[in-house]
Colleague: 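Can you keep this structure in mind? I'll have questions shortly.
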Amino acid sequence: MTVEQYWTKTDDELYALLGAELLGEGVGLSPEDDESHRRFGKEWFSNKHRELQRKVCHDERIQPLLGTTGSDRLVDAVTVAETLRLLDDASLPTVGLVAVLIARVGLGEFCRNAPQPR
């Protein structure tokens, strides 16, 4: 899926897709599977917050977007996805999906107190 396609999903749908991707399964067939995937995806995103901050927040492509209050979050998501792809981060299961989740939080909020990259 593209960033634009992920953008049309709800946060719960995004977390369920992330969980399914991380667990190596397709989208669940039952509501219980979707709920399990959603919980797992949300927990993973929360646990990876600091690591993602290190990768994204100090990048020169992201820096100009941090101070804008009225920025288009879809544009932010596309920029975050491009940045993660350029970093060639194979550990991220779905770069576009993660980028949309980051942009939905808002780059300023997401990058608040971001640790320096290693």
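Computed from heavy atoms alone, side chains included, the values below leave out hydrogens, waters and symmetry copies. In this text, all values refer to a predicted model and were calculated from it rather than measured experimentally.
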Colleague: Grab the two heavy atoms, one from Ala81 and one from Ala99, that are nearest each other, plus how far apart they are.
Modeller: N-CB, 3.5 Å
Colleague: Supply the atom-to-atom distance Leu107 CG to Gln63 CD, rounded to the nearest 0.5 angstrom.
Modeller: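 Atom-to-atom, Leu107:CG and Gln63:CD are 10.0 Å apart.
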Colleague: Would you confirm whether Arg104, through its side chain, and Trp7, through its main-chain N or O, come within 3.5 Å as a donor-acceptor pair?
Modeller: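 Indeed, once roles are kept as given, a pair shorter than 3.5 Å links the two residues.
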Colleague: Determine, using the 4.5 Å side-chain heavy-atom cutoff (strictly less than), whether Met1 and Trp44 are members of one ILVMFWY cluster.
Modeller: yes
Colleague: May I ask you to test the Glu82-Val78 pair for a side-chain heavy-atom distance under 4.5 Å?
Modeller: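 Answer yes - side chains close enough.
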Colleague: Could you list the residues that satisfy salt bridge (charged side-chain N to carboxylate O under 4.0 Å, His left out) with Glu109, not counting sequence neighbours?
Modeller: Arg112
Colleague: Report yes if the side chains of Val80 and Phe110 come closer than 4.5 Å at any heavy-atom pair, otherwise no.
Modeller: no
Colleague: Measure the CG-CD distance between Leu17 and Glu13 for me, rounded to the nearest 0.5 Å.
Modeller: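 It comes to 7.5 Å.
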Colleague: By salt bridge (charged side-chain N to carboxylate O under 4.0 Å, His left out), which residues pair with Arg50, not counting sequence neighbours?
Modeller: none
Colleague: For Leu18 and Gly41, which heavy atoms make the closest approach, and how far apart are they?
Modeller: CD2-O, 3.5 Å
Colleague: Looking at Glu43 and Phe40, would you say the former's side chain and the latter's main chain have a donor-acceptor pair under 3.5 Å?
Modeller: no
Colleague: Taking Arg54 for its side chain and Pro115 for its backbone only, find out whether a donor-acceptor pair lies under 3.5 Å.
Modeller: no
Colleague: To the nearest 0.5 Å, how far apart are CD in Gln53 and CG in Asn113?
Modeller: 7.5 Å
Colleague: Would you say Thr83's side chain and Thr79's backbone share a donor-acceptor pair under 3.5 angstrom?
Modeller: yes
Colleague: Test Arg39 against Tyr15 for side-chain contact (heavy atoms from CB on, under 4.5 Å), laying out the working first.
Modeller: CA-CA 7 Å; Arg39 277 194 313 272; Tyr15 286 123; over 6 Å; no
Colleague: Is there side-chain contact between Leu14 and Phe45, with at least one heavy-atom pair below 4.5 Å?
Modeller: no
Colleague: Does the side chain of Leu86 reach to within under 4.5 Å of the side chain of Arg61, using non-hydrogen atoms?
Modeller: yes
Colleague: With no hydrogens and no angle check, is any side-chain donor or acceptor of Glu51 less than 3.5 Å from a backbone partner on Lys48?
Modeller: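 No, because the side chain of Glu51 does not come within donor-acceptor range (under 3.5 Å) of the backbone of Lys48.
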Colleague: Should Asp12 and Asp34 count as side-chain neighbours, where that means a heavy-atom distance under 4.5 Å?
Modeller: no
